[in-house]
J.: 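Questions regarding the structure given below will be posed in turn.
Proteins come first, then strands; the chains are lettered A, B, ... in the order of their sequence lines, and each starts at number 1.
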Number of protein chains: 2
Amino acid sequence: MENFIKRIDAIGELSAESKAALLDAWEEWSVPKDHFLVRENSVAHHLFYIKKGIARIYYFKNGKEITEWIALDNQFFFSIISFFEQKPSNLIIHTLEASEVLGIHYDKLMALCDQYHDIERWFRKAITGSLILSQYRMDSIQFETAQQRYEKLLANYPTIVQRVPLSYIASFLGITQETLSRIRSQY
Amino acid sequence: MENFIKRIDAIGELSAESKAALLDAWEEWSVPKDHFLVRENSVAHHLFYIKKGIARIYYFKNGKEITEWIALDNQFFFSIISFFEQKPSNLIIHTLEASEVLGIHYDKLMALCDQYHDIERWFRKAITGSLILSQYRMDSIQFETAQQRYEKLLANYPTIVQRVPLSYIASFLGITQETLSRIRSQY
DNA sequence: CGAATGATTTGATTATTGTCAAAAAATAAT
DNA sequence: ATTATTTTTTGACAATAATCAAATCATTCG
């Protein structure tokens, strides 16, 4: 639980009471490899945090799998559009390793935001962080070559190559697996 | 002021008191064409709303202008990273027509968020909208061809082509002006 | 172990867009 | 109105990555 609380604290300060209420709202699951946390065409009810393991967030577009995000140890992750709009989406969340996952239900989080002003602020800051990340990622997709994006990914997550199949990494980078394979052969 | 209030209301409900406080916090400027609302390497102190006119948000990257956003009538716009982190950025905001602009100062907005829980929630919802938009834009950049992106832009903002130079539109779409010119010649 | 299945690499070709250069068109200035 | 300046278009070519196909390489299972 240690790292999780650190991540919660890093987002924004909370009163003791609010923090206790927030921490209490998370459910915990231990799931095997190849488990679906969110299935296709369902509403994303939870915002997740991965304590241990790997989860892949992906969807089908014109019959092809598009990997939107790969969440490693100690990351928050969720299906942004489906979660906020509480509408079904084609987004799928699937574990690539046996994982320990925490999740908070949309209704519970909203209730906490209603009840505690500082949780509302905390969540506002969390979303702000997401938005900033999204801006950086957009810049990366638009202006960096496939090779630069791959090198950055390696620098940020050195273990990812050993733990995630090439095809998923390629699709996360927005390139084909053939292109990624050619980039790797250059080393 | 009519449309502005509609946009404020559309984001989220506010009590009469909060709404009055929020509305009171906006400053109003009438600026000529070619006016800089935010200069390079300065901190973005304001979140803006454009009542009338056009503003372009851009920055220099490797000596080239990159247009991050083009704000037309009745849109909110701001330099996301600089505003939230209150750090100087290379982002420039510049009017392309004589414009009427509203702006709220970062400190004032934060103070209102502290004071009124429902303004905090309102702002959280506003940022959520921004994040969702950002996700859709990322998808568009990654998977749509330049032509598809141009057609979408035309559908959403039919007047933009008459009001904004081609080179800015191209840079907003993430393509060169030569490519955009070739797309247009196909019609 | 050895076949079968799945993942990755390699090869050949094509499509899209970028780059650099110059021409043409549009706009502004004298 | 004519010149000057800016903007847009066109042309030739190069670069990046996609597509389709086949060949390796690795892993799993009987």
J.: For DNA chain D, which nucleotides open and close the run of contacts to chain B, 5' to 3', at under 4.0 angstrom from a non-hydrogen atom?
T.: D/dT8 to D/dA12
J.: Angle between ring planes, A/W69 versus A/F172, binned at 30° and 60°: parallel, tilted or perpendicular?
T.: perpendicular
J.: Once you round it to whole Å, what is the distance between P of C/dT10 and CD of A/Q177?
T.: 13 Å
J.: Can A/D24 and A/K108 be counted as an ion pair, charged N to O under 4.0 angstrom?
T.: no
J.: Taking 4.0 Å as the cut-off, does a side-chain nitrogen or oxygen of A/S185 come that near to OP1 or OP2 on C/dT9?
T.: no
J.: Do B/Y49 and B/W26 have ring centroids that are under 6.0 Å from one another?
T.: no
J.: Rounded to whole Å, how long is the line connecting atom CD1 of B/I183 with atom P of C/dT17?
T.: 6 Å
J.: Starting at atom CZ of A/F143, determine the distance to atom P of C/dT17, rounded to an integer number of angstrom.
T.: 15 Å
J.: Verify the distance criterion only: is there a donor paired with an acceptor across the side chains of B/T67 and B/R56 at less than 3.5 Å?
T.: yes
J.: Calculate the interatomic distance between B/Q142 atom CD and C/dT16 atom P; express it in whole Å.
T.: 18 Å
J.: Take the protein atom CG of A/L166 and the nucleotide atom P of C/dG6, then report the distance between them rounded to whole Å.
T.: 17 Å
J.: Which word best sums up how the rings of B/Y59 and A/F143 line up, parallel for under 30°, tilted for 30 to 60°, or perpendicular for over 60°?
T.: perpendicular
J.: Nearest whole angstrom, please: distance from the P of C/dA7 to the CZ of A/R182.
T.: 19 Å
J.: Nearest heavy atom decides the nucleotide; on that basis, is A/T176 or B/P165 closer to the 5' end of DNA chain D?
T.: B/P165
J.: State, to the nearest 10°, the angle formed by the axis through the first five base pairs of the helix from C/dC1-D/dG30 to C/dT30-D/dA1 and the axis through its last five.
T.: 30°
J.: So, A/Y116 versus A/W122, ring centres under 6.0 angstrom or not?
T.: no
J.: Assess whether a salt bridge exists between A/E13 and A/R121, defined as any Lys/Arg side-chain N lying under 4.0 Å from an Asp/Glu carboxylate O.
T.: no
J.: Parallel, tilted or perpendicular: which one describes the rings of A/F78 and A/F84, with boundaries at 30° and 60°?
T.: perpendicular
J.: Measure from the ring center of A/W29 to the ring center of A/H46 and say whether it is less than 6.0 Å.
T.: yes
J.: Rounded to the nearest Å, what distance is computed from the CD atom of residue B/E144 to the C1' atom of nucleotide C/dT16?
T.: 15 Å
J.: Find the distance A/Y168:OH to C/dT8:C1' and express it as a whole number of Å.
T.: 14 Å
J.: Are any of A/R184's side-chain N or O atoms less than 4.0 Å away from OP1 or OP2 of C/dT9?
T.: yes
J.: Closest-nucleotide mapping onto DNA chain D: is A/Q147 or A/E178 further toward the 5' terminus? I mean the 5' end.
T.: A/Q147
J.: Hey, is the side chain of B/K64 poking within less than 4.0 Å of OP1 or OP2 on C/dG18, counting only N and O atoms?
T.: no
